[in-house]
Number of protein chains: 2
Amino acid sequence: MDKSSELEQVKKCCGHFILAVNDTLNVINGKWKLPIISSLIYGKKRFKELERDIAKITPRMLSKELKELELNGIVKRTVYDTIPVKVEYELTSSGKSLKKVLEVMVEWGLEHRENIIGK
Amino acid sequence: MDKSSELEQVKKCCGHFILAVNDTLNVINGKWKLPIISSLIYGKKRFKELERDIAKITPRMLSKELKELELNGIVKRTVYDTIPVKVEYELTSSGKSLKKVLEVMVEWGLEHRENIIGK
DNA sequence: CTGAATCCCCCAGGATACTG
DNA sequence: CAGTATCCTGGGGGATTCAG
């Protein structure tokens with residue numbers, strides 16, 4: 001393999017790398033995704049419970065973010081046909097598996113904070 | 001410890017958790033941070049090299065993002081007093097340590113894509 | 001209770017031109 | 001080469017009100 005095609009390989013690989021990271025980022029970006037996911041890590045929650053748990057979120061944003069999380073296969077929505085209606089949200093297996101990603105991010109965040117302060 | 005103070009503990013812990021994740025997120029957010037970091041993983045680069053490597057980035061954005069990365073202790077900027085001026089950018093140790101975070105994100109991104117397609 | 005509909009503001013980021 | 005300076009736009013997200 002010559003130099004130029006080798007470079008192409010690296011660029012291609014790097015591109016896929018960035019794409020996959022962006023997939024992950026797109027799932028957790030938005031101001032409220034992380035608070036929502038974190039709140040659901042400890043179990044099912046109803047709409048109103050989430051609204052209470054997450055400080056200062058409006059129903060509009062909660063609804064919007066939950067919808068996106070559902071579309072992305074992170075959250076499962078279940079409607080109970082009672083009166084009044086009851087809706088429960090829970091993490092899918094994909095959602096639960098996000099936990100280890102978040103843990104690595106927590107770890108790095110803390111380490112990095114130490115580094116900054118240390119200087 | 002009673003129920004309510006236990007709940008307080010959980011909320012507090014959860015808050016710190018989210019804070020640390022946000023620290024990490026804040027470092028890599030913005031449209032071009034990841035492409036820049038990825039490009040620098042393979043070694044030092046000059047401004048113009050980065051501009052060429054990263055498709056469609058404008059000097060304005062490259063400059064802005066590099067400045068933020070430098071402030072956050074992710075990138076080190078070195079000026080060589082030649083004519084014309086030469087400036088090199090490289091990852092700090094904190095920047096390099098981000099690699100393992102990104103790898104976990106890549107891994108999850110790929111897995112999650114599989115899950116979605118599988119359905 | 002669980003949202004949808006509207007209106008509105010702010011700023012991340014693009015385009016373009018210019019400087020030391 | 002390594003950036004600045006301006007101007008401008010889209011859409012993320014807040015506040016509020018309405019609906020099933």
Side-chain angles (χ1 to χ4, degrees), chain A residues 18-19 21-40 43-72 74-91, chain B residues 18-19 21-40 43-72 74-91:
Chain A
I18 292 189
L19 269 183
V21 177
N22 278 331
D23 279 353
T24 306
L25 245 27
N26 287 333
V27 162
I28 62 178
N29 78 356
K31 193 170 176 182
W32 303 104
K33 298 276 168 58
L34 243 27
I36 293 173
I37 292 171
S38 301
S39 179
L40 288 176
K44 300 182 179 183
K45 294 270 176 68
R46 302 181 57 170
F47 191 88
K48 199 66 178 182
E49 290 182 281
L50 286 170
E51 195 180 342
R52 267 193 299 263
D53 278 10
I54 304 168
K56 310 218 167 191
I57 193 171
T58 62
R60 172 179 140 77
M61 289 312 294
L62 181 54
S63 173
K64 240 187 74 181
E65 305 274 68
L66 280 171
K67 206 172 288 174
E68 289 174 29
L69 287 170
E70 198 190 349
L71 268 174
N72 285 324
I74 306 301
V75 156
K76 178 158 174 284
R77 178 174 182 270
T78 311
V79 183
Y80 296 91
D81 208 355
T82 57
I83 297 179
V85 214
K86 176 178 165 185
V87 181
E88 277 186 342
Y89 294 89
E90 61 187 314
L91 294 181
Chain B
I18 292 189
L19 268 184
V21 177
N22 278 331
D23 279 354
T24 306
L25 245 29
N26 287 334
V27 162
I28 62 177
N29 78 356
K31 193 170 176 183
W32 303 104
K33 299 275 169 55
L34 244 26
I36 293 172
I37 292 170
S38 302
S39 178
L40 288 176
K44 299 181 179 182
K45 295 270 176 69
R46 303 178 58 170
F47 190 90
K48 198 67 177 183
E49 290 181 281
L50 286 170
E51 195 181 341
R52 268 193 298 263
D53 278 8
I54 304 167
K56 309 219 169 190
I57 194 172
T58 62
R60 173 179 137 77
M61 288 314 294
L62 182 54
S63 173
K64 239 187 74 180
E65 304 274 69
L66 280 171
K67 209 171 286 176
E68 289 175 29
L69 287 170
E70 198 191 348
L71 267 174
N72 284 324
I74 306 300
V75 156
K76 178 158 174 283
R77 179 174 181 270
T78 312
V79 183
Y80 296 91
D81 207 357
T82 57
I83 297 180
V85 215
K86 176 177 164 184
V87 181
E88 277 186 342
Y89 294 89
E90 60 187 312
L91 294 180

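So that the names make sense, note that chain A is the first sequence line, chain B the second, and so on, each numbered from 1. Note that the structure is predicted; figures quoted are calculated from it, not measured.
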Please list, in 5' to 3' order, the outermost nucleotides of DNA chain D lying under 4.0 Å from any heavy atom of chain A. dG13(D) to dA15(D)

For DNA chain C, the residues among residues 55-68 of chain B that have a non-hydrogen atom under 4.0 Å from it: Arg60(B), Met61(B)

Walking DNA chain D from its 5' end, the first of Val85(A) and Gly30(A) to be reached, judged by nearest nucleotide, is Gly30(A)

Please identify the 5'-most and 3'-most nucleotides of DNA chain C with any atom under 4.0 angstrom from a heavy atom of chain A. dC1(C) to dT6(C)

Which residues share a side-chain hydrogen bond (donor to acceptor under 3.5 Å, both in side chains) with [X], sequence neighbours left out:
X	answer
Glu90(A)	none
Arg60(B)	none
Arg46(A)	none
Asp23(B)	Arg113(A)

Residues in salt bridge (charged side-chain N to carboxylate O under 4.0 Å, His left out) with [X], at least two apart?
X	value
Lys64(B)	none
Lys67(A)	none
Lys45(A)	Asp53(A)

Given side chains that start at C-beta, do those of Val75(B) and Leu91(B) come closer than 4.5 Å, heavy atoms only? yes

Kindly indicate whether the side chain of Leu69(B), heavy atoms from C-beta on, has any atom under 4.5 Å from the side chain of Leu40(B). no

Using 0.5 Å steps for rounding, measure from the CG atom of Asn26(A) to the CG atom of Leu19(A). 10.0 Å

Met61(A) side, atom CE; Leu66(A) side, atom CG - distance, nearest 0.5 Å: 10.5 Å

Give every donor-acceptor pair under 3.5 Å between a side-chain atom in residues 29-37 of chain A and any protein atom, sequence neighbours left out.
{"from": "Lys33(A)", "atom 1": "NZ", "to": "Asn29(A)", "atom 2": "O", "distance (Å)": "3.0"}
{"from": "Lys33(A)", "atom 1": "NZ", "to": "Glu68(A)", "atom 2": "OE1", "distance (Å)": "2.9"}

Heavy atoms only, 4.0 Å cut-off, all strands: where does Tyr80(B) land among base, sugar-phosphate and nothing? nothing

Would you mind reading off the bend of the helix from dC1(C)-dG20(D) to dG20(C)-dC1(D) from its two end axes, five pairs each, to 10 degrees? 50°

Nearest heavy atoms of Leu50(B) and Tyr89(B), plus distance in Å: CD1-CD1, 4.2 Å

